[in-house]
Amino acid sequence: NGSSSVNWPPEFRPGEPWKGYPNIDP
Amino acid sequence: QEPLTASMLAAAPPQEQKQMIGERLYPLIHAMHPMLAGKITGMLLEIDNSELLLLLESPDSLHSKIEEAVAVLQAHQATETSHK
């Protein structure tokens, strides 16, 4: 479905943590 | 700003590594594509860190990578609009 691609690519904003990184669980 | 080195990256946790590279990539990309800088940077950050370091060291390959990303982004947006 198209919904997942709507927030691709994960946008980078200076000074904000980049959301694109897959959260590695500890 | 001192150039980013592999050893600096190695000292940082993975999430931090992406952040450090992104903070350096963004201004270079913004100079070429102010409107798409956030998206292009986000796309390039998905590339392997070692390749990203090479891009940071050689402006020519960075430029061609950015143009590639813009083409992919525009194609992606085109399919987005056609789905609607």
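- We find the CD-CH2 distance between B:Gln15 and A:Trp18 to be 8.0 Å, quoted to the nearest 0.5 Å.
- Smallest separation of non-hydrogen atoms from A:Pro9 and B:Gly42: CB-C, 4.4 Å.
- With hydrogens and angles disregarded, no donor-acceptor distance shorter than 3.5 Å links the side chain of B:Gln19 to the backbone of A:Gly15.
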*Let me see the working for A:Trp8 and B:Lys39 under side chain to side chain contact (heavy atoms under 4.5 Å, CB included), right down to the final yes or no.*
CA-CA 8 Å; A:Trp8 184 85; B:Lys39 289 187 180 297; over 6 Å; no
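- In terms of heavy-atom pairs under 4.5 angstrom with chain B, the leader among A:Pro10, A:Pro14, A:Gly20 is A:Pro14.
- Note: the hydrophobic cluster containing B:Leu54 does not contain B:Ile47 (ILVMFWY, side chain heavy atoms under 4.5 Å, direct or indirect links).
- Atoms CG and CZ, from B:Leu45 and A:Phe12 in turn, are 6.5 Å apart once rounded to the nearest 0.5 Å.
- Ranked by heavy-atom pairs under 4.5 Å with chain A, the list B:Glu46, B:Glu23, B:His30, B:Gln77 is led by B:Glu23.
- Taking OG1 of B:Thr41 as the reference point, atom CD of A:Glu11 lies at 8.5 Å (rounded to 0.5 Å).
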